[in-house]
Amino acid sequence: MPDSAYAEGAPAQPAFYDNLDATLTEAWNRLEAGVRERHSLFHTPNVAILGGDGTPGIRTVVLRAADRTARQVHFHTDRRSSKLPDLRAHPRIGLHAYDPDTKIQLRLACLTEIDESGHAAEHAWQNSPMMSRACYRAPVGPGMPIASPYDAAVPDPDHPDEGRENFCTVICTVLELEWLYLAAAGHRRARFAWDDGGVLVTATWLAP
Ligand SMILES: Cc1cc2nc3c(=O)[nH]c(=O)nc-3n(C[C@H](O)[C@H](O)[C@H](O)COP(=O)(O)O)c2cc1C
């Protein structure tokens, strides 16, 4: 008798379905594709940062880099944002994305480092198109109260590097990665965790 999860007529499962190694590889494939593909929902994950009053603040960011060897993902932000002091106080963040096309949810726990003038920030700024740089030229920092929306209007630049002083890269080193794959034949959930030395110490299926 065939396993009911593979009943006749059920769609074939992807190679990662019952394979932990392939699951972790696929998770990183999705993150790397999220950097490249603007329409992937992994391009715009949600980031949860603990605020000063203990409430996690959640916001969408653009995934700008993913490096499975370094176990890092990057996003860019404005140094004037209140998330900077929040990140300094609580450098551990949660990052979440769900893509209904692939039926994959990823939840990452990361340790962050704010790069304001180092290689990552400089490289990112140099490779940012003028349209992306514009946000950082706003005369008022994000989240500041303004009397009129026009008070935050972005002026045309006199120099292409205007706004650089407000730009930074947040480097997120993945400490834990949780995977959820939805399938009619049976969902698959897994957790991966690394120690301080970057050694994979947990790779396990979880009940979904
Ligand atoms: C599609 C999308 C992409 C965004 N990308 C970023 C980003 O890469 N970095 C960022 O700081 N904010 C980004 N934002 C804005 C944030 O969600 C948030 O509104 C902003 O960072 C200010 O909030 P905060 O200071 O509480 O984080 C994006 C919003 C949307 C809807």
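All ligand and atom numbering here is 1-based and tracks the order in the structure. Since we're looking at a predicted model, the values are computed, not measured.
The distance criterion of under 3.5 Å between nitrogen or oxygen atoms is met by His76 with respect to ligand 1. Below 3.5 Å of separation, one finds no N or O of Val61 facing any N or O of ligand 1. For a threshold of 3.5 Å applied to N or O pairs, the pair formed by Ser81 and ligand 1 contains at least one separation below that value.
Between the side chain of Arg71 and the backbone N or O of Thr173 there is no donor-acceptor pair closer than 3.5 Å.
Of all the heavy atoms of Arg64, none lies under 4.0 Å from any atom of ligand 1, so neither backbone nor side chain is involved.
Taking the six-membered ring where the residue is Trp, the centroids of Phe167 and His76 are separated by under 6.0 Å.
The protein non-hydrogen atom at the shortest distance from atom 26 (O) of ligand 1 is Arg59 NH2, 3.1 Å. Nearest protein heavy-atom neighbour of atom 29 (C) of ligand 1: Thr60 O, 3.7 Å. Nearest protein neighbour of atom 3 (C) of ligand 1, counting heavy atoms only, is Val62 CG2, 3.8 Å. For atom 11 (O) of ligand 1, the nearest non-hydrogen atom of the protein is Thr77 OG1, 2.6 Å. Atom 21 (O) of ligand 1 has Lys83 NZ, 2.9 Å as its closest protein atom, hydrogens excluded (heavy atom only).
In this structure, Glu116 pairs ionically with Arg88, as a charged nitrogen and a carboxylate oxygen lie closer than 4.0 Å. Salt bridge annotation for Arg137-Asp156: absent, with no cationic side-chain nitrogen under 4.0 angstrom from a carboxylate oxygen. Ion pairing between a basic and an acidic side chain is recognised when a charged N comes within 4.0 Å of a carboxylate O; Arg164 and Glu122 show such pairing.
Not a single protein heavy atom sits closer than 4.0 Å to atom 19 (O) of ligand 1.
Atom CZ of Arg92 has 12 or fewer heavy atoms from other residues, nucleotides or ligands within 6.0 Å.
Checking Trp205, Tyr17, Phe16 one by one against Trp179, the ring pair (Phe, Tyr, Trp, His ring centres under 6.0 Å) holds for a single residue, Phe16.
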